[in-house]
Amino acid sequence: MRKLRWLAIIMAFALIAAACGDDDDAGGTTTTAAATTTTAAATTTTEGTTGTTAAATTTTAAPTLSGTVKVLVHQNPPFIGYMEGFNERFQGANPGVKVEMEIVNASDMATAIQTRLTAGEVDVIDYCAAPCASFSGAIQPYMSDVNKPLWQQLIEAGLVADLSNESFISNYDPTALADAGSFNGSVYAIPAGRVTYGGMFVNQDLLASVGQSTPTTWGELVAACDAVKAAGQSCMTLGGGDGWPVFVGSYGLLGALYPDQEALVEGLWTGNVKWNDDSTLELWRRYQVYASQMLESGVTGISHDAAPARFAAGDVAFFPTGMWQAPALEDAAPGFSWTYVPFPGSDNAADNQYLFGKYDMSWMVAEEAPNKEAALAYLAALSDPAEYQMYIDAVGFLPTQPTAQLNSTLGAAVAPLLDNYRIGFEQYVVLPTSVGQWANGLLGASWFAPFNEWTDPVALANQAQADLEAGLP
């Protein structure tokens, strides 16, 4: 697939991870930034009769930036820490510019983005509208009665600047720009990184203490959990108190049973796949085992941000979540030993080799930015390869700049799996507007007790299919 061509570029890289974890605190951070003067040299060389060379150099000073740059970003501790440092560096280089950075919970970003753009109150946007997946949800020919994704609505409304002619876009992988930041042949967003979310962190020491190895099939995972719980320890944990980490933790389970996620979306639309057919019923049964039996008691009281420290306590075997939790895990317990593997959701080990993921947040500039010149300079500074390297080191995305290098525990664990990286279901799925509330089976694990009302997987599968068919042509 075209979306996977970039893998050859970054196979040499290790990787670490970060993404759109919410925090209960949403607020504003104001820093100041300043103006850089650069010189551009044009050199002309004359070759000739005597073997001498003459060079003519012209130096032009860039205009001095001034005023305020308003930046809207989503809440994520490692990312915010990086942004605060970047704003200080930008301040040191550009004394005439003040940066006002507004921090919003990821769940509120879509509303905040539309409001600020429409009112002309923002210059630079971290496009992390839920599910924080760049230009996902593109409408396909077989779809009908669907809403355009937010990014498309914003572009067609003339609210987002065309970045196609900006020189800094050359620092990025052209495939990433085409797949996650372009529309109708123009570049409107800079995809800041990719993530994997179809895997789980593994406490190998705990498994070894109960005579288990890292599971490669569903049956081995069930056996490992039984052994861990028999020893008085916990099988799995995650940030169940925030809700969404529950179904994120089961992305790999869905992917193991349906490795071609794009085909699954089309099949659900055409009727070739049903949420309640024989093969998919097994997905719902495993969703329930995962949610109701594998996740530890009390998981509903753990927030997403607190989950890495909970796993690092050492008495939990597995932490199914996105790679973006690796920096927080390393901060919580630098000496804690772990690895990261695909979620073994299938009985066939060959189907459990895939790391599903997405393009995550991206940068946009408002078309009607109050300080557009400084906004473009701000984005150019973020795109500088040296600055981007610091960003990747801090937040742990798979890079979208081919020159970025990563060295981490997570990178060592998943580097051999990069050939098996695949774009996930949430990047492709678009549902008709008139479907029922249970139509998106991606979320299915979070619908079982103790997170929701369902206790019968067959009844839930039947309801999901009925709610889907309610909106299909």
Side-chain angles (χ1 to χ4, degrees), residues 27-44 55-73 79-103 112-113 116-127 154 158-172 177 181 186-192 361-395 400-401 403-404:
T29 300
T30 301
T31 56
T32 55
T36 295
T37 300
T38 58
T39 58
T43 302
T44 303
T57 301
T58 302
T59 301
T60 303
T64 300
L65 302 176
S66 62
T68 299
V69 175
K70 295 183 178 181
V71 181
L72 176 67
V73 298
F79 171 58
I80 295 303
Y82 163 78
M83 289 303 299
E84 290 172 346
F86 169 75
N87 287 336
E88 291 180 2
R89 291 187 290 277
F90 194 66
Q91 166 186 327
N94 300 286
V97 177
K98 176 182 178 182
V99 176
E100 294 181 356
M101 187 170 76
E102 180 183 3
I103 305 169
I113 288 169
R116 306 299 185 276
L117 281 176
T118 302
E121 296 176 344
V122 69
D123 296 287
V124 179
I125 292 170
D126 148 29
Y127 185 77
L154 298 175
L159 297 174
V160 181
D162 185 344
L163 304 175
S164 303
N165 295 322
E166 299 300 324
S167 60
F168 58 77
I169 71 171
S170 64
N171 294 333
Y172 294 89
L177 292 172
S186 296
V187 177
Y188 290 95
I190 303 299
M361 59 160 283
S362 53
W363 292 110
M364 291 178 171
V365 171
E367 175 62 25
E368 301 298 329
N371 196 346
K372 195 169 185 179
E373 181 182 32
L376 290 170
Y378 188 87
L379 190 49
L382 280 167
S383 301
D384 178 82
E387 187 63 52
Y388 186 78
Q389 182 68 59
M390 287 189 280
Y391 164 76
I392 288 294
D393 290 342
V395 302
T400 51
Q401 286 195 4
T403 58

Q.
I need the minimum non-hydrogen distance between F90 and A377, along with the two atoms involved.
A. CE1-O, 3.9 Å
Q: Check for a donor-acceptor pair, side chain of T400 on one end and backbone N or O of P191 on the other, with a separation under 3.5 Å.
A: yes
Q: May I ask you to test the L163-W363 pair for a side-chain heavy-atom distance under 4.5 Å?
A: no
Q. Hey, would you say the Y378 and F86 ring centroids sit under 6.0 Å apart?
A. yes
(Q) What verdict does the side-chain hydrogen bond (donor to acceptor under 3.5 Å, both in side chains) test give for S186 and D162, after you've listed the backbone C-alpha separation in whole Å, the side-chain angles of each residue and the deciding distance to 0.1 Å? (A) CA-CA 7 Å; S186 296; D162 185 344; 3.3 Å; yes
**Q.** Check against side-chain hydrogen bond (donor to acceptor under 3.5 Å, both in side chains), Q91 and N87
**A.** CA-CA 6 Å; Q91 166 186 327; N87 287 336; over 6 Å; no
(Q) On a heavy-atom basis, which atom in V365 and which in K372 lie closest, and how many Å separate them? (A) CG1-CG, 4.4 Å
Q | A375 versus D123, closest heavy-atom pair with distance | A | CB-CB, 3.8 Å
Q: Measure the CE-CG distance between M361 and D126 for me, rounded to the nearest 0.5 Å.
A: 4.0 Å
Q: Can you measure from CD (E121) to CG (L72) and round to the nearest 0.5 angstrom?
A: 11.0 Å
Q: Keeping the roles fixed (side chain from E367, backbone from L117), state whether a donor-acceptor pair exists under 3.5 Å.
A: no
Q. Say you draw a straight line from OG of S66 to NZ of K98; how long is it, rounded to the nearest 0.5 Å?
A. 14.0 Å
Q: Please report the shortest heavy-atom distance between L177 and I169, naming the atom on each side.
A: CD1-O, 3.5 Å
Q. Parallel, tilted or perpendicular: which describes the rings of Y391 and Y388, with under 30° parallel and over 60° perpendicular?
A. tilted
Q. Looking at NZ of K70 and CG of N371, how far apart are the two atoms once the value is rounded to the nearest 0.5 Å?
A. 10.5 Å
**Q.** Interatomic spacing from CD in E373 to OG1 in T64 - rounded to 0.5 Å
**A.** 9.5 Å
(Q) Apply side-chain contact (heavy atoms from CB on, under 4.5 Å) to residues V160 and Y127 and explain how you reach the verdict. (A) CA-CA 11 Å; V160 181; Y127 185 77; over 6 Å; no
Q) Atom CE of M364 and atom CG of L154: how far apart are they, to the nearest 0.5 Å? A) 6.0 Å
Q: Please report the closest heavy-atom contact between A394 and Y82, naming both atoms and the distance.
A: CB-CB, 3.8 Å
Q) What closest approach, in Å, do Q401 and P385 show between heavy atoms, and which atom pair accounts for it? A) OE1-CA, 3.4 Å
